[in-house]
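To keep things clear, I will list the structure first and then write my remarks on it.
Any value given below was found using the heavy atoms of this structure, including those in side chains, with hydrogens, waters and symmetry copies removed.
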Amino acid sequence: NEAQELANMGHWEWNIVTNDIKWSKGLYKIYGIAENVQVNYTTYLNMTHPEDKAHVDNIIKENVQLKKFNEFHHRIITATGEMKILHAKGEVLTDANGNITKLIGTGQDVTQFKKSEQELKVKTSELEAMNAELQKFAYVASHDLQEPLRKITTFSSRLEMEYAEQLSGKGKEYLQKVVSASSRMQKLIEDILSFSMLSSLSLQMEKVDLNEILLSVLSDMEIVINQKNVKIQADHLPVIDGNNSQLGQLFLNIVSNAIKFNDPERPLEINIKCSIINGSQLPESDIIRMHYTYAGLENSRFWNNEQFCKIEIADNGIGFDLTYADKIFVLFQRLNTQAAVSGTGIGLTICKKVTDNHHGQILANSEVGKGATFTAILPVSQQNFTKLVNPE
């Protein structure tokens, strides 16, 4: 009784043979009636919310007919006129001949829980709507900004090429600043567009060959790779479940980042290593664990059986202070503010968004002057993650 009171519940017993019904102290308290009041099935139905009465009556009759108690929720109106939501669970007892003798069960007041659950649904729905509007705004605003900016860039470049000789020293300097600022703005808009599209709720997953994705990215970057004389070595990469476009952005931004922060004192080398590991080899990380927690399941239940693709992309560039390892994945964060190093502070945020979308994680390790290593850990298969995040 004390345990049930703590759980805000009570128990009941219905003797089918004698048609006697007994309620516990906790159940009387929930319904708000005195313990000396004799209750029966009619009492129970009369205190059920009028809109739920027929439904509840049908469920009870069905339980008796099937000799199996299917739990359900229903509303009641207490003796003081208060509406509550109860969760009914029970069991059907039979004799040696299979005839029903009793129904026993519990009724738990879940009003506050259901209220909180409904409020959460409403807030979640509102947040999703706001998020969708923000994504739409970011896309439209960025897209609409491109055309006037493109004109500014085009005519500034023409002005620089055709009339540079007619400008004074200060005029040339001002014009170069306009061209440089326009280029940075163009890059920022492109990155914002890329990030806004990554936030789409629908993500098409398929079997993708990471070798083909990497080759495509390196082909697109061929000019800058040759200009910088970059040496790239890569292991053979596996086929995994993923989104082709987003995984391409992952490789593109990490390799671009390595080239951007190269050390001018030595030739840039980028090494891409890959291994398949199981769940027991994964580092402790909330980023992956949270996808199990959402389903209310223990992490260890699937942990050791899952396979993950661990991709390490290491360079011998200028590196960064490991103190700021967490900040580099934050939107618009730039650890290097040198004018000579271009960037918008969105590239690595895109990388984190891509790994999050694939139920994985990305880690950074570095030492100033000795390069940086970015490690992306992605599930080989998305099947169990999809089931856990969206349980049937």
Side-chain angles (χ1 to χ4, degrees), residues 191 194-195 198 208 210 213-214 217 232-235 237-238 240-243 246-262 268-294 299-300 302-304 306-336 343 345-382 385 389:
D191 286 348
S194 297
F195 186 75
L198 282 178
V208 293
L210 294 181
I213 293 177
L214 178 60
V217 168
I232 300 177
Q233 292 185 328
D235 288 350
L237 303 176
I240 67 171
D241 290 348
N243 181 271
Q246 290 198 11
L247 292 175
Q249 291 190 57
L250 176 67
F251 280 110
L252 175 65
N253 281 289
I254 294 179
V255 174
S256 296
N257 201 68
I259 295 175
K260 189 186 304 177
F261 296 102
N262 70 302
L268 178 61
E269 294 182 2
I270 300 175
N271 293 303
I272 303 173
K273 296 182 178 180
C274 181
S275 59
I276 300 297
I277 60 177
N278 58 40
S280 62
Q281 296 172 283
L282 282 170
E284 288 295 320
S285 169
D286 290 336
I287 299 177
I288 285 182
R289 279 207 308 270
M290 67 180 183
H291 298 289
Y292 293 101
T293 306
Y294 283 158
N299 304 328
S300 59
F302 295 99
W303 195 256
N304 294 332
E306 290 292 340
Q307 285 192 319
F308 295 85
C309 172
K310 181 180 180 182
I311 305 169
E312 297 175 285
I313 304 178
D315 64 66
N316 62 341
I318 61 175
F320 61 87
D321 188 339
L322 201 56
T323 306
Y324 304 103
D326 292 333
K327 290 187 177 181
I328 61 175
F329 297 112
V330 178
L331 195 64
F332 299 124
Q333 283 285 343
R334 293 186 62 201
L335 303 188
N336 195 314
I346 298 179
L348 291 178
T349 308
I350 288 176
C351 292
K352 183 179 183 302
K353 186 65 176 178
V354 170
T355 54
D356 285 354
N357 287 348
H358 285 75
H359 309 125
Q361 63 176 321
I362 185 168
L363 309 169
N365 194 16
S366 180
E367 187 175 345
V368 176
K370 295 187 178 181
T373 300
F374 289 90
T375 303
I377 301 176
L378 305 167
V380 172
S381 170
Q382 291 288 329
F385 287 95
V389 179

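Contact detail for K310 and I377: the closest heavy-atom pair is CG-CG1, 4.2 Å. Between L247 and G242, the shortest heavy-atom contact is CD1-CA, 4.1 Å. Here the closest non-hydrogen pair linking P379 and H358 is CD-O, 3.1 Å. Closest approach of I311 and C309 over heavy atoms only: CG1-SG, 3.6 Å. Shown here for I318 and N262, the closest heavy-atom pair between the two residues is CG2-O, 3.5 Å. Counting all heavy atoms, side chain and backbone alike, I362 lies closest to C351 at CD1-CB, 3.9 Å.
Checked against side-chain contact (heavy atoms from CB on, under 4.5 Å), A372 has the following partners two or more places apart in sequence or in another chain: D315, F320, S366, F374. In this structure N316 satisfies the side-chain contact (heavy atoms from CB on, under 4.5 Å) test together with R266, L268, E269, sequence neighbours excluded. With sequence neighbours left out, L214 forms a side-chain contact (heavy atoms from CB on, under 4.5 Å) with L218, A234, L237, F251, I272. With sequence neighbours excluded, the residues forming a salt bridge (Lys or Arg N to Asp or Glu O under 4.0 Å) with E367 are K370, listed by chain and number.
Taken from CG in L250 to CG in L348, the straight-line distance is 10.0 Å, to the nearest 0.5 Å. The CD1 atom of I213 sits 7.5 Å away from atom CD1 of I240, with the distance rounded to the nearest 0.5 Å. Remark: H359 NE2 to S381 OG distance equals 11.0 Å, nearest 0.5 Å. Atoms CD and CD1, from Q249 and I254 in turn, are 12.0 Å apart once rounded to the nearest 0.5 Å. Rounded to the nearest 0.5 angstrom, F261 CZ and S256 OG are separated by 11.0 Å.
Counting heavy atoms from C-beta outward, T355 and L378 have side chains that approach closer than 4.5 Å.
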Task: Full working for side-chain contact (heavy atoms from CB on, under 4.5 Å) between T375 and E312 - done: CA-CA 4 Å; T375 303; E312 297 175 285; 3.6 Å; yes
